[in-house]
Amino acid sequence: MLNLIKIHLCNNYNIVVSNNGHEALKYLDKQSFDLIILDIMMPYISGWEMCEIIREKYNIPILMLTARNELKDKVRGLEIGADDYLVKPFAFEELAARVHALIRRSIIKQTIEPKEQVIISGGLEIHYESRRVKIEGEIVEFTPKEFDLLWLLASNSTQIFTRELLLDKIWGIHDEREFRTVDTHIKNIRVKLRDTQCKSNPIKTVWGIGYKFEDMGKP
C-alpha cells in the first residue's frame, strides 16, 4: 500500500514514507510537511494515537486511511483532528483528488488575511497569527480545529452559522451525518472557556438554526 500510494503521488509531490509511528514522529521533528496520510492500523502507535499526538504540536492537514467503514470510526477520526477520511479499498484517483483538495484548502487558509488579527471580547482574547486564546490573561489550549471554529464564529459575530456551513468551512465536509462533530467541538470549546472562569458563554445556540458568537463587550 505504501509503495502504491507513493507511485500514484510522486509525480506531483515530494513523498516521505514511514513504516511506523515512531519513525514518522522523527521525520516531523526534522522537517515540515504540507499533508500527512495516516493509516489507522500501524505498528507500535495506532493511527488514532498518532493523530492526537500530531494535533498537539502541528496544524498539518491529516488524511486518514482505514479498512473500517463504520460511521463511529469516521466521527472519531474527525473529532480527534483528522481533516478527511478515506475507506479502503479506494480508487487512487480519488486519493489524489482528496490530497490535492486538502493541500489547496490549507494554502487558501494560510493566504487569506483574517478580518482582525486579535479579537477581544470581554476577558477573552483570540490571537490569530500565534493561534493563542487567553482568558483574563491566562492562555487556554485549544486543538487546531477548535481554534479554527472559535475564530470563524468570533470574526463573524453578526452571522448565524448552520452546522452544514461549519462542516463545510472547517472540515470541508458536506455530510449531515457529521453534525455530531460540530456539536462535540462546540461543547469542548464551551467547557474550556467555563473551566478557566470565562465570565459568560460567548457561543450561543440558535435553536433550529445553529450557532453564533455573542460579543461580551470591552474588558
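Quick caveat, the model's predicted, so the values are computed rather than measured.
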I need the [X] [atom1] to [Y] [atom2] distance, nearest 0.5 Å.
X	Y	atom1	atom2	result
Arg105	His100	CZ	NE2	11.0 Å
Leu2	Ile5	CG	CD1	6.0 Å
Thr66	Leu86	OG1	CG	10.0 Å
Leu35	Ile103	CG	CD1	5.0 Å
Arg132	Ile126	CZ	CD1	15.0 Å
Leu149	Ile170	CG	CD1	5.5 Å

(message) Assess the residue pair Ser157 and Asp215 against the criterion (side-chain hydrogen bond (donor to acceptor under 3.5 Å, both in side chains)); give the C-alpha distance rounded to whole Å, side-chain angles, the decisive distance to 0.1 Å, and a yes or no.
(response) CA-CA 7 Å; Ser157 59; Asp215 190 357; 5.8 Å; no
I'd like to check [X] versus [Y] (side-chain heavy atoms, cut-off strictly below 4.5 Å). Are they in contact?
X	Y	result
Leu95	Leu63	yes
Phe161	Val182	no
Leu153	Lys212	no
Thr181	Lys145	no

(request) Give me the other members of the hydrophobic cluster that Ile209 sits in, counting Ile, Leu, Val, Met, Phe, Trp and Tyr linked by side-chain heavy atoms under 4.5 Å, directly or via other members. (result) Ile160, Val206
(request) Share the residues that join Trp207 in a hydrophobic cluster, the rule being Ile, Leu, Val, Met, Phe, Trp or Tyr side chains under 4.5 Å apart at the heavy-atom level. (result) none
Taking a hydrophobic cluster as the set of Ile, Leu, Val, Met, Phe, Trp and Tyr residues connected by side-chain heavy atoms closer than 4.5 Å, whether directly or through intermediates, do [X] and [Y] fall within one such cluster?
X	Y	result
Val99	Val16	no
Val87	Ile36	yes
Tyr58	Phe142	no
Trp171	Met64	no
Met1	Met41	no

(request) Report the residue from Ile80, Leu102, Asp84, Ile54 that forms a side chain to side chain contact (heavy atoms under 4.5 Å, CB included) with Ile62. (result) Ile54
(message) Can you list everything that forms a salt bridge (Lys or Arg N to Asp or Glu O under 4.0 Å) with Glu79? Sequence neighbours excluded, please.
(response) Arg180
(request) Output all residues satisfying salt bridge (Lys or Arg N to Asp or Glu O under 4.0 Å) with Arg76, sequence neighbours left out; order by chain, then residue number. (result) none
Identify the two heavy atoms, one from [X] and one from [Y], that lie closest to each other, and give their separation to 0.1 Å.
X	Y	answer
Leu38	Gly47	CD2-O, 3.4 Å
Phe90	Leu65	CE2-CD2, 4.0 Å
His185	Leu78	CE1-O, 3.9 Å
Phe213	Ala154	CG-CA, 3.6 Å
Ala82	Cys51	N-SG, 3.6 Å
Tyr128	Phe147	CA-CZ, 3.9 Å

(request) For side chain to side chain contact (heavy atoms under 4.5 Å, CB included), just list the numbers for Val133 and Leu150, CA-CA rounded to whole Å, side-chain angles, deciding distance to a tenth of an Å, and then say yes or no. (result) CA-CA 10 Å; Val133 178; Leu150 180 59; 4.0 Å; yes
Any residue meeting side chain to side chain donor-acceptor pair (under 3.5 Å) with [X], in chain and number order, not counting sequence neighbours:
X	answer
Arg131	Asp148
Ser46	Glu49
Glu93	none

(message) With salt bridge (charged side-chain N to carboxylate O under 4.0 Å, His left out) as the rule and sequence neighbours excluded, what pairs involving residues 36-47 come up?
(response) Asp39-Lys88
(message) Show me the pairs that pass salt bridge (charged side-chain N to carboxylate O under 4.0 Å, His left out) and involve residues 11-37, at least two apart or across chains.
(response) Asp29-Lys57
(request) Report the C-alpha separation of Tyr85 and Ile40 in whole Å, then their side-chain angles, then the decisive distance to 0.1 Å, and conclude whether the side chain to side chain contact (heavy atoms under 4.5 Å, CB included) test is met. (result) CA-CA 10 Å; Tyr85 194 97; Ile40 289 178; 3.9 Å; yes
(message) I'd like to know if the side chain of Asn156 and the backbone of Leu152 have a donor-acceptor N/O pair within less than 3.5 Å.
(response) yes
(request) Mark yes or no for whether Ser121, through its side chain, and Leu124, through its backbone, hold a donor-acceptor pair below 3.5 Å. (result) no
(message) Determine whether Ile37 and Leu9 satisfy the following criterion, side chain to side chain contact (heavy atoms under 4.5 Å, CB included), listing intermediate values before the conclusion.
(response) CA-CA 11 Å; Ile37 299 176; Leu9 297 178; 3.7 Å; yes
(request) Under the salt bridge (charged side-chain N to carboxylate O under 4.0 Å, His left out) rule, what do Arg55 and Asp83 come out as? Steps first, then yes or no, please. (result) CA-CA 11 Å; Arg55 277 292 167 259; Asp83 295 273; 2.8 Å; yes
(message) Go through it in stages, so that I can follow the logic: the residues are His127 and Glu125, the test is side-chain hydrogen bond (donor to acceptor under 3.5 Å, both in side chains), and I'd like the CA-CA distance, side-chain angles, deciding distance and then a yes or no.
(response) CA-CA 6 Å; His127 298 256; Glu125 297 179 23; 2.9 Å; yes
(message) So that I can tick it off, tell me whether Lys134 and Glu138 are bridged by a salt bridge, with the cut-off set at under 4.0 angstrom between side-chain N and carboxylate O.
(response) no
Side chains of residues 186-194: which donor-acceptor partners sit under 3.5 Å, not counting sequence neighbours?
| from | atom 1 | to | atom 2 | distance (Å) |
| --- | --- | --- | --- | --- |
| Asn188 | ND2 | Thr184 | O | 3.4 |
| Arg190 | NE | Ile203 | O | 3.2 |
| Arg190 | NH2 | Ile203 | O | 2.8 |
| Arg190 | NH2 | Thr205 | OG1 | 2.9 |
| Lys192 | NZ | Glu141 | O | 3.2 |
| Lys192 | NZ | Glu146 | OE1 | 2.6 |

(request) Can you sort out the partners of Trp48 under ring-ring contact (aromatic ring centres under 6.0 Å, His included), two or more places apart, ordered by chain and number? (result) none
(request) Would you indicate whether Asn3, at its atom CG, is surrounded by more than 12 heavy atoms from other residues, nucleotides or ligands within a distance under 6.0 Å? (result) no
(request) Could you list all the ring pair (Phe, Tyr, Trp, His ring centres under 6.0 Å) pairs where at least one residue sits in residues 6-40, not counting sequence neighbours? (result) His8-Phe92, His22-Tyr44
